[in-house]
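Please read the structure below before turning to the comments.
Whatever order the structure lists ligands and atoms in, that order sets their numbers, starting from 1. Just so it is clear, the model here is predicted, and its values are computed rather than measured. All values below were derived from every heavy atom in this structure, side-chain atoms included, with hydrogens, water molecules and symmetry-related copies excluded.
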Amino acid sequence: MTSKELRKKYLKFFKEKNHAIISSASLIPENDPTVLFTTAGMHPLVPFLMGEKHPAGKRLVDVQKCIRTGDIDEVGDAWHLTFFEMLGNWSLGDYWKKESIEWSYEFLTGVLKINPEKIAVTVFKGDKDAPEDEESFKVWKKLGVKKIYKYGKKDNWWGPAGATGPCGPDTEIFYITDKKACGKNCEPSCSCGKYVEIWNNVFMEYYKNEKGKFEKAKQRNVDTGMGLERVIATLNGLSSVYEIETIKPIIEKIEKLSGQKYHSADYITIQKFTDTTLALSPEIKRRSMRVIADHLRTATFILGDERSVAPSNLDQGYVLRRLIRRAVRFGKQLGINGLFTSQIAETVINIMKEAYPELQKNRKFILSELNTEEEKFTQTLVGGLKRFTLTSVLAEQTGKKYINGKEIFNLFQTYGLPFEMSIEEIQSRLMKKLNKTELDNLKKEFEDEMNKHQELSRAGAEKKFKGGLADASDETRKLHTATHLLHAALRKIIGNHVAQKGSNITPERLRFDFSHPEKMTDEQIKKTETMVNEWIIENLKIKCVDMKQKEAEKKGVIGLFKDKYGEVVKVYSIGDISSEMCGGPHSEQTGDLGKFKIIKEESVSAGIRRIKAILEK
Ligand code: ATP
Ligand code: MG
């Protein structure tokens, strides 16, 4: 079965069970400062899981593009990718565990014809906060599933996403591969690869309150997610996601560019561009190929997204930069010469453009950004090597044999010079190999430094998280409404070419990115502020109506229109000055907003400006 057939079969199956098909949301979340990318199908649906009414109804199904940078260290194993497609179906306060589990089983064994013997499942075993999920256990038992395992919160519980919020037990479905079990006690919770998790059904039946107690939730939701690439691999008896029909051609392209064979078991010797030779084991070679394929596939999707982002030193742009650079590094390690990232992106676009037309639309941008970034990084590497020499000479002058792990980390941090490259350079200066103790010491110093750095950035990330997933406080509501007013004012004052390129709201301020080729003048900024404040004083009513995308587009509503499935969307309008497709939530009238003030206008990247603004009480 191909990915295309699986997407179609999945949507059809749930459509027949009265689910409305909705389009994949952008990879860049709108109005959610807590995460950089859409990590699961449920992510764009959070407001509706919290109780807001979805215009398409209570039963939804989709195929969502996802990015999980948290899985980057797993990439290269058989089952993890940083970009993957998630097939998901939802019940928003509608059907419950029995239907959800039965339909999952029917789809896997009836439609996909997976042998029931190849399926194992896990359910929540209960703890001090919540009882065992007996209901799920019974449904599985009745369906005849023999391998049912019970685990605790670590394995079979989801949420809440922040400190409080909806949460509940889940039941996970595993495919039992033909791989030899790692031991007698090999179970789904084991990560040896014998059991591959393919589908996860989450039952949000609790609400964790401020006191840390788990109350029964007002609205019970079902949220499921199944990994498309994993299912295709298992259905076709493949041993990894890198062999499925949408990823294999990328590996083949890398084989061509590098002259290496993915499947061959030979050690290979590579003349590196630093003039050292390097022997690679078949495992390292295969892993390098997988990393290149994965990272450039993800980079292509970020650059090609409806809210496309360019490489930068900030947020999504920074992640993108790291992915491209890591791919380039692994490419050099494989012995690929010359610019290659855009050639691989071409392959990705050609394979995926039918399902994701935005890639074709942004083809030029994707290819040129990759070329630019790759060139820049190659220069950076050259700069890094120069700096390496300087640092080494200084170390040698003070009587040291070679630079220490902290200095290696600084070269990595500032110049992107990889650890392995510094080691090679040290060895070539010494004209001999480092022994194991010397290597281990450098590695430890390097890692200690890295950990220190990661702790700092993790602290930052956690702080971000506290903003709360889909925070719907009064402050954010008001700022969200102010964002629509700002957008409308900008279009009136500087022109209709202004289009939203990003938005990020915290309880303190709004941030709005938009297309405009030059810096705004002080006068334009003043006028914009005044216009928004006049609308606030007029106390305009904010209305929300559901309408078909086609109709909204015709009426000149602002938004990213996809409409693959004739979907109904929410349109928020403010008086007769603004009309935008949007998930909400908003204030009821503009008079609630307070005084609008622009605190900053700056450039984000070529052709994109950023405004930060606040509402004064
Ligand atoms: P794992 O433990 O294998 O990393 P997970 O528990 O993180 O999986 P979920 O968050 O439950 O996975 O996501 C739902 C489904 O999405 C999984 O059952 C799996 O099929 C798929 N999936 C999750 N992470 C990845 C990934 N990095 N690459 C490919 N598919 C994935
Ligand atoms: Mg995971």
Nearest heavy-atom approach of G51 to Q219 is CA-OE1, 3.5 Å
The option among E229, M42, R230, E172 carrying the non-hydrogen atom nearest to atom 19 (C) of ligand 1 is R230
Heavy-atom proximity to atom 13 (O) of ligand 1 ranks first, among R68, E74, E85, for R68
If you count the atoms of ligand 1 from 1 in the order shown, which ones are under 4.0 Å from a heavy atom of [X]?
| X | result |
| --- | --- |
| D71 | 24 (N), 26 (C), 27 (N) |
| M86 | 13 (O), 14 (C), 16 (O) |
| W79 | 28 (N), 29 (C) |
| N200 | 11 (O) |

Partner of K153 under salt bridge (charged side-chain N to carboxylate O under 4.0 Å, His left out), picked from D133, D129, D170, is D129
Can E16 and K12 be counted as an ion pair, charged N to O under 4.0 angstrom?
yes
Taking 4.0 angstrom as the limit, do E5 and K9 come out as a salt bridge?
-> no
Contacts of Y207 meeting side chain to side chain donor-acceptor pair (under 3.5 Å) (sequence neighbours excluded), chain-then-number -> none
Polar contacts were defined as any N/O atom of the residue lying under 3.5 Å from an N/O atom of the ligand; does this apply to I198 and ligand 1? yes
Check your understanding: If you measure every N/O of F84 against every N/O of ligand 1, is any gap under 3.5 Å?
Key -> no
Those residues at least two apart in sequence (or on a different chain) that pass salt bridge (charged side-chain N to carboxylate O under 4.0 Å, His left out) with K146 are E117
